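Data block below; observations after.
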Amino acid sequence: MYASGKYSSRGPALIPRMKTKHRIYYIALFSVVLLGLIATGMFQFWPHSIESSAEWTLEKGSVHDAPLIRLPASSPIPERGDLSCRMHTCFDVYRCGYNPKNKIKVYIYPLQRFVDEFGVPISSTGLSREYNDLLSAISDSDFYTDDVTRACLFIPSIDVLNQNSLRIRETAQALAMLPRWDKGMNHLLFNMLPGGPPDYNTALDVPRDRALLAGGGFSTWTYRQGYDVSIPVYSPLSADVMLPERQPGPRRYFILSSQTAIHREYRAELERLKEENGEALLLLDKCSNLSQGAASARKRCYKGQVYDYPQILQESSFCVVLRGARLGQAALSDVLQAGCVPVILADSYILPFSEVLDWKRASVVIPEEKLSEMYTILKSIPHRQVEEMQRQAHWFWEAYFSSMKAIGLTTLQIVNDRIYPYAARTYEQWNNPPVVKWSSVNSPLFLPLIPPRAPGFTAVVLTYDRVESLFRVITEISKVPSLAKLLVVWNNQNKSPPEESLWPKVGVPLKVVRTKENKLSNRFFPYDEIETEAVLAIDDDIIMLTSDELQFGYEVWREFPDRLVGYPGRLHLWDHEMGKWKYESEWTNEVSMVLTGAAFYHKYFNYLYTYKMPGDIKNWVDAHMNCEDIAMNFLVANITGKAPIKVTPRKKFKCPECTAIDGLSLDQTHMVERSECINKFASVFGTMPLKVVEHRADPVLYKDDFPEKLKSFPNIGSL
Amino acid sequence: MQAKKRYLILLSAGACLALLFYLGGVELPAARRSRQDRSRSGYRPEQPWPHYSDPLHGFVPWDQTDTEDYNLHISARQKRDVNRSVYRGKRCRMDSCFDFSLCQKNGFKVYVYPQQKGEKISESYQNILSTIEGSRFYTSDPGQACLFVLSLDTLDRDQLSPQYVHNLKTKVQSLPLWNDGRNHLIFNLYSGTWPDYTEDLGFDIGQAMLAKASIGAENFRPRFDVSIPLFSKEHPRTGGERGFLKYNTIPPFRKYMLVFKGKRYLTGIGSDTRNALYHVHNAEDVVLLTTCKHGKDWQKHKDARCDKDNAEYDKYDYKEMLHNSTFCLVPRGRRLGSFRFLEALQIPTTVRSIHQDKILSLRQQTQFLWEAYFSSVEKIVLTTLEIIQDRVLEHGSRSSLMWNSHPGGLFALPQYSGYLGDFPFYYATLGIKPYPKFTAVIHAVSPLVSQSQPILKLLVAVAKSQYCAQIIVLWNCDKPLPAKHRWPATSVPVIVIEGENKVMSSRFLPYETIVTDAVLSLDEDTVLSTTEVDFAFTVWQSFPERIVGYPARSHFWDSNKERWGYTSKWTNDYSMVLTGAAMFHRYYHYLYTHYLPTSLKNMVDQLANCEDILMNFLVSAVTKLPPIKITQKKQYKETMMGQSSRASRWADPDHFAQRQTCMNKFASWFGAMPLVHSQMRLDPVLFKDQVSILRKKYRDIERL
């Protein structure tokens, strides 16, 4: 084409010598060029016309305008799924790559309408509402990428949720036609109703090569553990019905059976149970006088009495979910939504998301053979457990069953957890409902372990300029046998610490760190110089603690290494008049905090205080130059769920220097400020984590009539 | 005219050309671009999947009732039978290859075939068998059994191994109870041999379950086989060492980040992983050492790196490395399932991305798993049996939390309750508290003769406690029950239970009448005030998994006699709190009765002594922590205070000697000394403080 253009551009030079013959020649030539042009134009436009119409559909948003793909009869069919497939054999995990977010990238194929040679669609329903919801939820999520080259998981837009509406062979051909199919590697299919009459396979019958299957009715024989994902069968009622919130507790009925399609053998068995146990059981069936349709799905009958479904589910403690032709039942979703504890009778059924969900906490699984013993088995479950299960069941529904979005994203998260196992969500994250997440604890120091005495502890002394008192403290502490190191945190930027020669001579290493700013939080910094687990935080004016008292404190810390172990205890109280928390200092019978003017604790809490303190608490403490000890008590109690340990009778730190300013008015403003701290922190934590106890720790032979020299800690100070 | 035509032709030619360019080569890319732009605007970045506006069908029509056909044709029972005949061998599952009905009558009982004369059994397999025989699952009657274990050594199925048992096939087939392996459990550590290391055992296991080390995903039959750890013949039979973790230093990083030291194989299975390790080795914090020295003819396969690698290999001490590394690499060996070498290459980056907190908790979890399930052959075997029992129990099995958190599945028995809140271990995880009242259980052994007897005073004092829900008097006295009116009137119910066998252990039976989580265990002659009872309960609420009480005792290692000693002297520490006046969780009643072997309980019953020591052993074995002694109180019995002339078991000179013997007997059954010392006791906050007595909540406690 270009050549002909070039040729005609040379035209003018030739024209002067033209004759009529030439003119005809030229006209003919131009016609040819013109025809060629038109042909080119046609050629360029035709093949793209389907694509371009597809774009228009997307903008208009109608599925009927999705591109039509005709499948040749000879189009290849994928192999049947390989039962030995595992993530390392049939899935290319390396396509997901290492990425800092540890998140897989998911691509969704654009919608196409597949038809066979005769123009008959491969599916009787086409894209279903549910699959559309699922795909749009995924595309709205963090997993989504529209860049096919970066994706590591591909989701076909071919809807295979319900096998009944599919033509199996043609659907398989359509899958194989997908541009990135590549033997199904890294492809994920969602199917909720597998198999068909008469034998109802428990996995999708569509041949699919190596594709992963998120299936809604796997049995232990078809489920490829660690490869497939078992998903729930979505109940359309989830979206239509809002059930009122119901607190866990006893219900009107004990057992309810609400499924309409129960095998007659099982129905007979249920009838027998009903005869034996009477009112405790409610056996519902479909209403014979209602025509089929959406309305009948919302009604159930028992001897002419009509009940609203699924509302009636809320009236029972346990709800039977029996297998039908398929193992997976949409009724499970309805039952969970109602906060009714499902009693699942479906032998060999792989429960939805059982890879991550602990179904023991939300359901009762009974072998089909033991249906007749169901009543006895359920009666043996303690009430508290039933309530816990009701709560858990509803929370499972809310988090993992309630919408196609929930189902889809949970599936992706499970695949994600397998690909990045080191960043996988924990058991607690998957299974603990939000209430429990708030109130339960999550300390990384959970192992019952009494650390050896030998490493000793590091004393961290925070000081500003009271050198004389500091030196006295150092001299006193150095007498404690288990002291391993002294670390002085010099918080005064205007003045240098005294020369090395002036410091008291002690038998352990003494280090001084100078801080950049005079902040209280400097005392809780996880200095590299602290090499022991145990830290003794101590003020530069605490000289009244005896060596025995300190050593005993360390011994008690070893028995409770995940707690704050301190001397004077303090208490928080609820002030009913003011409707807020109040700080209480001395002479109480209870303790919920210990002062960190002298306290042992694990170095881990320094790290927590510095880097993981919630909200603006740290800045607040530094700005007010107060309450760092209360903040520390909150932090430790919150993560461990445990109270601090107060040791020995000590009630206050009396330092000779401070008696003068220990005035009453000062005391009162101090108390007000501390109370403010408690209220502030409680609001930041969103809860009151402090735990109140009525005990303190003393040496075993404290105050015993026993020779002092035989006591390990004879010199325990007084108040 | 000519010129005009000429220009016309020129113009049309130009126009044609322009058109050609427009439609042809030049314009097309632009058109494509614009098309893409359009599609981009269709796929709005935040909304890439279009929201279709048309009314779509639901994926399941309302009138689809899928069981109509099914109902007519296949009975569910038939379907189950079909499964049983179809899914055999490699596709065995509990539903198809296991006969649950055998476990129904007598519960989960395990039968071990009697050992044939002349059959040699390896030490490891002997350990497995004796563990089963010593466990509470054992039965000597095959008619009672639900699980069968062979006495033929199947541990080592490597034909080149000296332990290999020949003709296993015929031997197994000739067993009268074999029944194609149904309900049989086969233990195996090694299978296959060089060069392919198949997982074939060399005989047909039929429908038997396999408890096997290094089992690959391809051969593992989910929820049927059990994957067990590979253990050496030096692995201790019982007890086992505690984990090596002593410190939880922060930051948790050790000298090395990641280490490995092992053979490289050079060729064949598993070699590509190990041959690639040198890429990651940096001799600083990532030390991955391989040696080429493997087998006799390693020189033949030797490659260019071998000499350097071998030299580097010898520089490091394996133990030193293990103890000083944050992570240890576990690459696949000859056996073991799949492990991709690329993953190995990725590990240092991955490992470095793991957060400090996570390292701390991972490290502690390794210790927990080791101590709970791996540290002895007994634990490995019992864990295997418990896993199978969980499958048999189905609705009464353990939840994952019970398996994966302290104290683990061997101590958390699901038969007690399926509800986690009924155990003393999960309160914090569940964010709940124990029931706020207690049940007192008084162990009565002497007849009621006078109204001044200590038991009556005790009843009154305990009943006055604000936390007391009920009092159970366990009548273990030979004399008949006293008439109802002989008991003092109390505000809480007093339930008298007549002990059936009148044995010591019956005081720790899990009576159904105990409805509270806390049990206050009392001897009949214990002297306690209401305040003391109240205080004990408030302390117990903070330590619900421990024994909290008054009378403390201690154990020590008597190096002269090479045995454990028991002392009731006043010492600076203690390791037991006697159950004559102690509060603990009712779950320990259950554990005492169902976890401990009959041999120990019989010993206690025959001596009528040591039940309190045994309880302390049990609780400390579970918690790994000492009990908690409260307040100064030392003497807690009238007899001890010398006011009673009645002969008590405490006055018996044999009594003390028996307790020494008990200690040693118990320690040997537990495989180690579980007791832990504590140096502190807990007192009320204002205990003996020089402040007005009126300020104090627990005033009576100070009066001795």
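Here is how names work: the chains are called A, B, and so on, in the same order as the sequence lines, proteins then strands, and each is numbered from 1. Atom set for the values below is all heavy atoms of this structure, side chains included, hydrogens, waters and symmetry mates excluded. Just so we're clear, the structure is a prediction, and the values are computed from it rather than from any experiment.
Residue K358(B) holds its NZ atom at 12.0 Å from OH of Y422(A), rounded to the nearest 0.5 Å. Separation of atoms CZ (R221(B)) and CD (Q225(A)) is listed at 13.5 Å; rounding is to 0.5 Å. Atom OG of S400(B) sits about 6.5 Å away from atom CG of N431(A), to the nearest 0.5 Å. Rounding to the nearest 0.5 angstrom, the gap separating the CG atom in N572(B) from the CZ atom in F706(A) is 7.0 Å. The CG atom of L56(B) sits 9.5 Å away from atom OG1 of T125(A), with the distance rounded to the nearest 0.5 Å.
Comparing I630(B), T571(B), L625(B) by how many heavy-atom pairs each has under 4.5 Å with chain A, the most go to T571(B). Comparing L710(A), I381(A), I377(A) by how many heavy-atom pairs each has under 4.5 Å with chain B, the most go to I377(A). Options M94(B), K629(B), H406(B) differ in how many heavy-atom pairs under 4.5 Å they form with chain A, and the most are formed by H406(B). Highest contact tally toward chain B, considering only P455(A), P448(A), P526(A), is held by P448(A) [criterion: heavy-atom pairs under 4.5 Å]. Counting heavy-atom pairs closer than 4.5 Å to chain A, the top residue among R223(B), K697(B), Q104(B), Q679(B) is Q679(B). Most heavy-atom pairs under 4.5 Å with chain A, from the set S397(B), G396(B), S417(B), A552(B): that is S397(B). Considering only heavy-atom pairs separated by less than 4.5 Å from chain B, the leading option among G226(A), S348(A), P699(A), P452(A) is P452(A). Your options are L161(A), D159(A), D358(A), and the one with the most heavy-atom pairs under 4.5 Å with chain B is D358(A). For the options A697(A), G641(A), S84(A), heavy-atom pairs under 4.5 Å to chain B are most numerous at A697(A). Chain A forms more heavy-atom pairs under 4.5 Å with one residue of N248(B), T631(B), L401(B), N83(B) than with any other, namely N248(B). Put simply, of G418(B), P222(B), G421(B), S692(B), the one with the most heavy-atom pairs under 4.5 Å next to chain A is G418(B). Of all the listed residues (V647(A), L449(A), V364(A)), the one sharing the greatest number of non-hydrogen pairs under 4.5 Å with chain B is L449(A).
Proximity of W221(A) to D95(B): side-chain heavy atoms (C-beta onward) are separated by under 4.5 Å at one or more points. N404(B) is not listed as a side-chain neighbour of Y427(A), based on a closest heavy-atom distance of 4.5 Å or more. Side chains of Q541(B) and K691(A) form no contact here, defined as non-hydrogen atoms less than 4.5 Å apart. Side-chain contact between Y607(A) and P251(B) is absent, with no heavy-atom pair separated by less than 4.5 Å. Two residues are said to be in side-chain contact when any heavy atoms from C-beta on lie closer than 4.5 Å; P444(A) and Q365(B) fail this criterion.
Heavy atoms closer than 4.5 Å to chain A are found in the backbone of R398(B), but not in its side chain. With a 4.5 Å cut-off on non-hydrogen atoms, Y234(A) touches chain B through its backbone and its side chain both. With a threshold of 4.5 angstrom between heavy atoms, V676(B) approaches chain A through side-chain atoms but not through N, CA, C or O. Neither the backbone nor the side chain of P407(B) comes within contact range of chain A, judged by heavy atoms closer than 4.5 Å. Both the backbone and the side chain of L360(B) come within contact range of chain A, each with at least one heavy atom under 4.5 Å from a heavy atom of that chain. Both the backbone and the side chain of S96(B) come within less than 4.5 Å of a heavy atom in chain A. For Y426(B), no part sits under 4.5 Å from any heavy atom of chain A, backbone or side chain. Within the 4.5 angstrom heavy-atom criterion, no atom of S405(B) approaches chain A. The contact between T220(A) and chain B is made by backbone and side chain atoms together, counting heavy-atom distances below 4.5 Å.
Salt bridge D357(B)/K612(A): present, at least one basic N to carboxylate O contact under 4.0 Å. Under the 4.0 Å criterion applied to side-chain N and carboxylate O atoms, D683(B) and K703(A) are not assigned as salt-bridge partners.
Pairing each heavy atom of E130(A) with each of F59(B), the nearest pair is OE1-N, 2.7 Å. Nearest heavy atoms, S542(B) versus V693(A): OG-CG1, 3.3 Å. Here the closest heavy-atom approach between residue P626(B) and residue I450(A) is recorded as CD-CD1, 4.0 Å. Taking each heavy atom of H695(A) and V539(B) in turn, the nearest pair found is ND1-CG2, 3.7 Å. Nearest heavy atom pair, residue T538(B) against residue E694(A), reads CG2-OE2, 3.3 Å. When all heavy atoms of R361(A) and L420(B) are compared, the pair lying nearest together is CD-CD1, 4.2 Å.
Y698(B) and N589(A) share no donor-acceptor pair across their side chains, judged by distance under 3.5 Å alone. A side-chain N or O of N132(A) and one of W49(B) form a donor-acceptor pair less than 3.5 Å apart.
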- Message: Before you tell me yes or no, could you show the steps for D422(B) and Q385(A) under side-chain contact (heavy atoms from CB on, under 4.5 Å), namely the whole-Å CA-CA distance, both residues' side-chain angles and the distance that decides it to 0.1 Å?
- Response: CA-CA 9 Å; D422(B) 280 341; Q385(A) 186 181 359; 5.7 Å; no

- Query: Can you list the steps and then say if D704(A) with K634(B) is a salt bridge (Lys or Arg N to Asp or Glu O under 4.0 Å)?
  - Reply: CA-CA 10 Å; D704(A) 268 336; K634(B) 301 267 177 318; 2.6 Å; yes

- Working for side-chain contact (heavy atoms from CB on, under 4.5 Å), residues L445(A) and Q364(B): CA-CA 7 Å; L445(A) 302 169; Q364(B) 290 183 62; 3.9 Å; yes

- List the steps and the verdict of side-chain contact (heavy atoms from CB on, under 4.5 Å) for Y52(B) and L111(A). CA-CA 11 Å; Y52(B) 292 112; L111(A) 188 66; 3.4 Å; yes

- Message: F100(B) vs E369(A), test: side-chain contact (heavy atoms from CB on, under 4.5 Å). Steps then yes/no.
- Response: CA-CA 10 Å; F100(B) 286 93; E369(A) 261 178 353; 5.5 Å; no

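Between F687(B) and Y702(A), the ring planes lie tilted relative to each other; the angle falls in the 30° to 60° range.
Atom NE2 of H57(B) has 12 or fewer neighbouring heavy atoms from other residues, nucleotides or ligands inside a 6.0 Å radius. Heavy-atom neighbours of Y435(B) OH from other residues, nucleotides or ligands within 6.0 Å: at or below the threshold of 12. Atom CZ of R86(A) has more than 12 neighbouring heavy atoms from other residues, nucleotides or ligands inside a 6.0 Å radius.
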